[in-house]
Amino acid sequence: MLTIRGRAALAAGATARWASRVTGRGAGAMIGGLVAMTLDRSILSQLGQGRRSVVVTGTNGKSTTTRMTAAALATLGPVASNSEGANMDAGLVAALASVRDAELAALEVDEMHVPHVSDAVDPSVIVLLNLSRDQLDRVGEINHIERTLRGGLARHRDAVIVANCDDVLMTSAAYDSPNVVWVAAGGSWSGDSVSCPRSGEIIVRDGRDWRSTGTDFKRPSPQWWFDDTRIYGPDGLVLPMTLALPGAVNRGNATQAVAAAVALGADPAAAVAAVSGVDEVAGRYRTVQIGSHNARILLAKNPAGWQEALSMVDKQAAGVVISVNGQVPDGEDLSWLWDVRFEHFDDTVVVAAGERGTDLAVRLGYAGVEHSLVHDTVAAIGSCPPGHVEVIANYTAFLQLNRRIS
């Protein structure tokens, strides 16, 4: 139940959102949320009351997993969700305010905001995807993030934690919670978890299993996992799973989304069918015609994300455009480029693009990758031979490209 002040705050936010739209300044969701929060600091808590919410967090895959979770939850009823990826407080207020009568919510939440957002909305389920270095100039070291998450989860002992047991740091964050559903969601990046976040001891890996030397901290046995064609769950559950989205990473995202929805009472088969139909997430993975080129657009934001995105690239494509900016939302420090393995391109036409295309070109040169440099991403696509082109862009480069081709 909203207070009188809460209703007034939302009305003012709606007016700000309308003004932003009619003046062409943007969709207005963020400004609407900010205005509402300024007028009533408890508005997020008020909007979260009476809902069964799923909070989704992690360094990579938040938007995709949230979109899949919303689709799976929709088999139970109307769902409020921040589907455009505005994952801090103002975006969450806007999302919850837009569907006031929905008893279910799927909320993408920035890793550093999970504790206080969870305090506000008291989620039924918290999904922990992965942790790796990302925007060190904004959020700091990942061990700090893990400790922050761990502390936040300790205040929500009744929540179901759907955690990726293949990720050492997320396993540590969830390890002390009494109600954990472990999912083998995969993740090929291990460069940020060479030591135990709890003891500092070395992490020893044996295939998919891992353990900390000198302690009993180790990979838990999963209740959910997947292979190339199926999803596996508790009590011998086996279902076929064919996704519209590419890559093993999205099969892991889908498995965690299904596990979260099932924890709230969704039928497993219906949940799998729902996540399988997700074919685009805020412009990611879509294919568009740009002149004589059929371009598929992928988003990558940090070394772990780049490694997964590069694994999806069609090496038989007419060309690959890699576009990198270094604005504040990207992280202005691009030293992470040297952690990404670009060496696997052979005869593929590669073009470096973006505001920091020169930095990328230097990295590609050291990787022995033949390439050209065209800073404008659309022009870079046009410089490739006609046909299918794969485009991988980091955050602001991705947004700029989508605005130009929309």
Does Arg67 pair with Glu108 as a salt bridge, N-O distance under 4.0 Å? no
Below 4.0 angstrom, N of the basic side chain to O of the carboxylate: do Arg150 and Glu146 qualify? yes
Let me confirm one number: the OG1-CZ distance from Thr358 to Arg363, rounded to the nearest 0.5 Å. 16.0 Å
Under a 3.5 Å distance rule, please check whether Asp167 uses its side chain to pair with a backbone N or O of Leu131 as donor and acceptor. yes
Under 3.5 Å, is there a donor-acceptor pair between the side chain of Ser177 and the main chain of Asn179? no
For Gly6, does its backbone N or O pair with a side-chain atom of Asp40 as donor and acceptor, under 3.5 Å? yes
Aromatic ring pairing Trp225/Tyr232, orientation class (parallel under 30°, perpendicular over 60°, tilted between): parallel
Are Ile126 and Val162 close enough, and set up right, to give a side-chain contact (heavy atoms from CB on, under 4.5 Å), and what steps lead you there? CA-CA 6 Å; Ile126 301 174; Val162 176; over 6 Å; no
Does NZ or CZ of Arg251 lie under 6.0 Å from the centre of the six-membered ring of Phe226, at an angle within 45° of the ring axis? no
For a quick check under 3.5 Å, do Gln46 and Thr3 share a side-chain donor-acceptor pair by atom type? yes
Which heavy atom of Val272 sits nearest a heavy atom of Pro240, and at what distance? CG1-O, 3.5 Å
OG-CZ distance between Ser172 and Phe217, expressed to the nearest 0.5 angstrom: 4.5 Å
Taking every heavy atom of Ala397 against every heavy atom of Ser323, the minimum-distance pair comes out as CB-OG, 3.5 Å
If you look at every heavy atom in Gly58 and Met170, which pair is closest and at what distance? CA-CE, 3.9 Å
With heavy-atom distances below 4.5 Å as the criterion, would you say the side chains of Leu298 and Val391 are in contact? no
Is it the case that the side chain of Thr66 and the backbone of Ser63 share a donor-acceptor pair, with hydrogens and angles ignored and the cut-off at 3.5 Å? no
His371 side chain vs Val369 backbone, donor-acceptor pair below 3.5 Å: yes
For Asn253 and Gly61, which heavy atoms make the closest approach, and how far apart are they? ND2-CA, 4.2 Å
To the nearest 0.5 Å, what is the distance between OG1 on Thr65 and CG on Leu128? 11.5 Å
Whether Glu103 side chain and Arg51 backbone form a donor-acceptor pair below 3.5 Å: no
Please determine, by modelled atom types, if Asn325 and Gln400 share a side-chain donor-acceptor pair under 3.5 angstrom. yes
Between Glu280 and Arg286, is there a donor-acceptor pair closer than 3.5 Å when you use the side chain of the first and the backbone of the second? no
Backbone N/O of Ile142 and side chain of Arg147: donor-acceptor pair under 3.5 Å: no
Restricting to pairs with a member in residues 217-229, which pass salt bridge (charged side-chain N to carboxylate O under 4.0 Å, His left out), not counting sequence neighbours? Asp166-Arg219, Asp209-Arg219, Asp227-Arg230
Begin with the C-alpha distance, continue with both residues' side-chain angles, and end with the deciding distance and a verdict on side chain to side chain donor-acceptor pair (under 3.5 Å) for Ser124 and Arg52. CA-CA 6 Å; Ser124 301; Arg52 293 191 296 158; 5.8 Å; no
Beyond-backbone contact of Trp182 with Ile161, side-chain heavy atoms, under 4.5 angstrom: no
Glu332 bridged to Arg356 by N-O distance under 4.0 Å: no
Do Asp267 and Thr75 come within less than 4.5 Å of each other through their side chains, counting heavy atoms only? no
Given side-chain contact (heavy atoms from CB on, under 4.5 Å), test Val324 with Leu334 step by step and report yes or no. CA-CA 9 Å; Val324 174; Leu334 293 191; 3.7 Å; yes
Can you list the steps and then say if Val204 with Trp210 is a side-chain contact (heavy atoms from CB on, under 4.5 Å)? CA-CA 6 Å; Val204 177; Trp210 55 262; over 6 Å; no
For atom CZ of Arg7, is the number of surrounding heavy atoms from other residues, nucleotides or ligands below 6.0 Å larger than 12? yes
Looking at Arg404 and Asp376, is any side-chain nitrogen of the basic one under 4.0 Å from a carboxylate oxygen of the acidic one? yes
If you define the side chain from C-beta out and look only at heavy atoms, does anything of Pro222 sit under 4.5 Å from Val183? no
Validation row: Leu107, Val56 side chains within 4.5 angstrom (heavy atoms): no
Give the intermediate values and the outcome of side-chain contact (heavy atoms from CB on, under 4.5 Å) for residues Thr57 and His113. CA-CA 9 Å; Thr57 197; His113 287 239; over 6 Å; no
Could you tell me whether the side chain of Val389 reaches within less than 4.5 Å of the side chain of Val320, counting heavy atoms only? no
How far apart are the C-alpha atoms of Asp330 and Lys301, what are their side-chain angles, what is the distance that settles it, and do they pass the salt bridge (charged side-chain N to carboxylate O under 4.0 Å, His left out) test? CA-CA 7 Å; Asp330 307 302; Lys301 297 182 288 186; over 6 Å; no
Does any N or O in the side chain of Gln289 come within less than 3.5 Å of the main-chain N or O of Gly291, such that one atom is a donor and the other an acceptor? yes
Answer yes or no: is there a side-chain heavy-atom contact under 4.5 Å between Cys384 and Val351? yes
Donor-acceptor contact below 3.5 Å, side chain His293 vs main chain Gly387: no
Return the CG to CG distance between Leu149 and Leu169, rounded to the nearest 0.5 Å. 10.0 Å
One should read off an interatomic distance between Arg41 CZ and Asp89 CG, to the nearest 0.5 angstrom, of 10.5 Å
So which atom in Thr348 and which in Ala317 form the shortest heavy-atom distance, rounded to 0.1 Å? CG2-O, 4.4 Å
Looking at residues at least two apart in the chain, or sitting in another chain, which of them share a side-chain contact (heavy atoms from CB on, under 4.5 Å) with Pro246? Asn250, Tyr285, Arg296, Met312
Student check: side-chain heavy atoms of Asn60 and Trp306 closer than 4.5 Å: no
Starting at CG of Leu96, measure out to OG of Ser53 and round the result to the nearest 0.5 Å. 6.5 Å
Evaluate whether atom CD of Glu343 has more than 12 neighbouring non-hydrogen atoms of other residues, nucleotides or ligands under 6.0 angstrom away. yes
So which atom in Val99 and which in Ala80 form the shortest heavy-atom distance, rounded to 0.1 Å? CB-CB, 4.0 Å
